[in-house]
Structure formats: structure tokens, C-alpha cells
Student: 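Take this structure, written in C-alpha cells, and hold onto it; I'll ask about it next.
Throughout, protein chains are lettered first and strands after them, A, B, ... in sequence-line order, and every chain is numbered starting at 1. Here the structure is a predicted model, which means the values were calculated and not measured.
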There are 2 protein chains.
Amino acid sequence: MDQEKRPQVYVGMAADIVHHGHVNILKCAMELGEVTVGLLTNEAIQSYKRVPIVSFENRKLLMEHMKGVEHVIPQTTLDYRLNLITLKPDFVVHGSDWKKGKQTTIRLEVIETLAAWGGKLVEPEYTSGISTSEIIERMKESKKESKSD
Amino acid sequence: MDQEKRPQVYVGMAADIVHHGHVNILKCAMELGEVTVGLLTNEAIQSYKRVPIVSFENRKLLMEHMKGVEHVIPQTTLDYRLNLITLKPDFVVHGSDWKKGKQTTIRLEVIETLAAWGGKLVEPEYTSGISTSEIIERMKESKKESKSD
């Protein structure tokens with residue numbers, strides 16, 4: 001593959017609490033090319049979910065340390081279009097879970113936007129049994145704690 | 001540096017919920033050489049802290065996807081000595097926080113064990129304001145939730 005012009009891959013993520021579901025998405029993305037993570041800003045996360053647990057800056061530090069992640073840029077809205085039009089990636093990678101629920105419209109906009117330059121949406125199967133919200137629930141049940149890790 | 005014989009670096013971690021504090025430790029470790037993470041088993045974590053939120057297998061998947069982590073092996077007790085004697089690493093890296101509190105004895109045993117082959121303990125300054133336990137507390141305060149990430 002020509003190292004000078006690798007396919008560009010865009011992955012939008014909140015990455016508030018990072019788990020192996022994120023790893024599965026990133027593994028898929030890095031096989032496709034050069035990965036840019038569009039990290040949702042706090043405002044973007046709040047718009048559809050909750051106030052994030054971890055600050056944008058610290059989420060960025062963690063995401064930059066994940067294998068295969070070459071760039072991390074802010075995604076300031078849940079709407080991908082502004083970043084996509086700017087970057088014109090060859091691929092967007094997102095878990096298959098957004099085919100249903102709140103993000104259905106966002107997904108369709110991504111497909112339509114990518115089509116303008118022949119870009120494709122790739123949707124690895126959603127990693128079941130894990131999500132940040134599930135981790136939060138498990139944590140709420142966690143009784144025994146200590147001061148630090 | 002001779003790529004065939006890089007210094008060996010050992011990092012013991014629970015890595016239940018990974019945050020930028022872990023990244024700081026890993027950045028320090030990878031600058032020193034070839035990093036093996038000794039991932040605490042569930043039993044090891046329970047022995048001093050709490051039941052882990054995330055399974056060993058899934059913690060391993062995430063840790064293996066962190067930049068600079070070349071090997072992940074189990075550390076079955078809070079006591080490092082068995083793994084250290086087996087691997088004889090040139091360096092162990094741990095945050096400076098364990099100079100106080102429950103792990104003081106563990107730390108002294110690490111220093112003493114490493115001394116047998118001239119290994120050194122490296123202790124980057126603990127990243128304040130973040131720990132898994134603090135994240136758990138913030139999560140408990142988290143009101144608004146949704147089904148998935």
C-alpha cells in the first residue's frame with residue numbers, strides 16, 4: 001500500500017469510559033487505514049446522553065494512547081457532517097448499534113454525506129454486554145472501595 | 001539501542017477502569033524499554049480493593065490495545081515477587097502513590113527483589129485528581145443515562 005496516501009478513516013466517539021467495545025471499533029478502523037478519532041466534546045455528549053465523567057482533555061490523552069489512533073480532533077456536535085465535509089474520509093467506522101434508536105438520523109446523514117466522494121460507512125457488530133452506561137450501573141452496585149488505583 | 005536486547009520493563013496494574021493516569025505510567029514505561037503489563041487477576045484486586053467492574057479477559061483486551069504495551073500477563077497476587085523473579089525485569093514502573101498506605105510493604109519487597117539483579121524501581125509522580133475510585137464516585141453522582149455508548 002502507498003504509505004503516502006493511506007485511506008483515511010474517521011471514528012466518532014465519546015470515549016468517556018473506555019472499554020473493550022471501543023477496542024473492537026478501533027481494531028476495525030486501523031485495518032482500513034489512517035485513523036482520526038472525532039472525540040465528542042462535553043457539549044456534544046450532553047446533548048444526547050449525560051454530563052461526561054471525564055473531561056475532554058483527559059479523554060483525549062487516553063484516546064491518543066490507543067493503538068492505531070493517529071489523530072484526535074474535536075467533534076462539537078452529535079452531527080458528523082461538519083467534520084466529514086472537512087476531512088472527506090474514505091471510511092467512517094461505527095458500531096452497528098446506531099441502526100436503531102436516537103442516532104438513526106445521524107447515521108443516515110453520515111451515509112449520505114460520505115456518498116458525495118464515494119466514502120463508505122463500515123459497521124462492525126456492536127460488542128454486546130458492555131457500554132459506559134452498563135459500567136456506570138455496575139459501579140453503582142460496587143460496595144467496597146478504596147482511595148486510589 | 002540494540003533492538004534484540006531492549007531493557008525489560010514491568011508494570012503491575014489493575015486497569016479496571018482505564019484513565020489518563022494509566023497513560024502517564026505507560027508513557028514513562030515505554031520510554032525505558034519493552035513493556036510487560038502484569039495485569040492483576042480478579043482475585044488479586046479483590047484482596048485489597050473491591051470486586052472489579054470489568055472481567056480479566058476484557059481488561060486484558062483493553063490493555064493490549066494501549067500504545068507501548070507489548071505483553072500482558074496475569075499477576076495473581078498483589079505481591080509482585082513471583083512475576084519479578086520469573087521475568088527479572090530491568091525496571092518496574094509504579095506511580096509514586098504507593099509510597100504511603102496499604103502497598104508500602106509490597107513496594108519495599110519490589111525494591112529488594114529487583115536489587116538481586118540490579119533492577120530499579122521507577123516512580124513517576126502520581127496523577128492527582130484521578131483514580132478508578134474517584135471515577136466510581138463521579139459515576140454514582142451521574143444522573144442522566146442512556147442505554148449505550
Side-chain angles (χ1 to χ4, degrees), chain A residues 13-24 26-27 30 40 45-46 48-55 57-69 95 97-98 100-103 126-149, chain B residues 13-24 26-27 30 40 45-46 48-55 57-69 95 97-98 100-103 126-149:
Chain A
M13 278 186 170
D16 193 14
I17 298 297
V18 173
H19 48 70
H20 66 281
H22 296 99
V23 171
N24 290 339
L26 292 175
K27 279 183 177 166
M30 68 196 279
L40 297 186
I45 296 175
Q46 273 179 256
Y48 78 112
K49 205 184 308 225
R50 64 175 170 269
V51 178
I53 307 290
V54 182
S55 72
E57 187 182 82
N58 289 336
R59 291 188 283 117
K60 185 166 184 279
L61 280 170
L62 180 52
M63 199 40 64
E64 284 171 341
H65 204 78
M66 302 293 287
K67 283 176 183 163
V69 174
D97 55 314
W98 72 344
K100 287 187 239 170
K102 298 179 203 174
Q103 295 199 65
Y126 183 65
T127 307
S128 61
I130 190 76
S131 74
T132 296
S133 305
E134 281 160 19
I135 288 176
I136 291 178
E137 283 312 302
R138 280 189 235 166
M139 287 194 161
K140 285 182 177 169
E141 289 158 16
S142 168
K143 291 276 178 358
K144 200 178 147 198
E145 283 151 37
S146 74
K147 275 190 204 157
S148 73
D149 274 279
Chain B
M13 278 186 169
D16 193 16
I17 299 298
V18 174
H19 49 70
H20 65 283
H22 296 98
V23 171
N24 290 339
L26 293 175
K27 279 184 177 165
M30 66 196 281
L40 297 186
I45 296 175
Q46 272 179 257
Y48 79 113
K49 206 184 308 226
R50 63 175 169 270
V51 177
I53 307 291
V54 182
S55 71
E57 187 181 82
N58 289 336
R59 290 187 284 118
K60 185 166 185 279
L61 281 170
L62 179 51
M63 199 41 62
E64 285 171 341
H65 203 77
M66 302 293 285
K67 284 177 184 163
V69 174
D97 56 313
W98 72 345
K100 287 187 240 172
K102 297 179 204 175
Q103 294 199 65
Y126 184 65
T127 307
S128 61
I130 190 78
S131 74
T132 297
S133 304
E134 281 161 19
I135 288 177
I136 291 177
E137 284 310 302
R138 280 188 236 165
M139 285 192 164
K140 285 183 176 169
E141 289 158 15
S142 167
K143 293 279 184 347
K144 202 177 146 200
E145 283 150 37
S146 73
K147 275 191 208 158
S148 74
D149 275 279

Student: Please step through side chain to side chain contact (heavy atoms under 4.5 Å, CB included) for the pair L62(B) and H22(A), ending with a clear verdict.
Tutor: CA-CA 8 Å; L62(B) 179 51; H22(A) 296 99; over 6 Å; no
Student: Has K67(B) got a side-chain atom pairing as donor or acceptor with V69(A)'s backbone, closer than 3.5 angstrom?
Tutor: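 Such a contact is found between K67(B) side chain and V69(A) backbone.
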Student: When rounded to the nearest 0.5 angstrom, what distance separates NE2 in H20(A) from CG in N58(B)?
Tutor: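 Rounded to the nearest 0.5 Å, the NE2-CG separation comes out at 3.5 Å.
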Student: Are H19(B) and V18(A) close enough that some pair of their side-chain heavy atoms sits under 4.5 Å apart?
Tutor: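 SC-SC contact between H19(B) and V18(A) ruled out.
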Student: For K27(B), give me all partners under side-chain contact (heavy atoms from CB on, under 4.5 Å), at least two apart in sequence or on another chain.
Tutor: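 For K27(B), the residues satisfying side-chain contact (heavy atoms from CB on, under 4.5 Å) (neighbours in sequence not counted) are L61(A), H65(A), V23(B).
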Student: Could you look at E64(A) and say if it's the side chain, the backbone, both or neither that has a heavy atom under 4.5 Å from chain B?
Tutor: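 The backbone, not the side chain.
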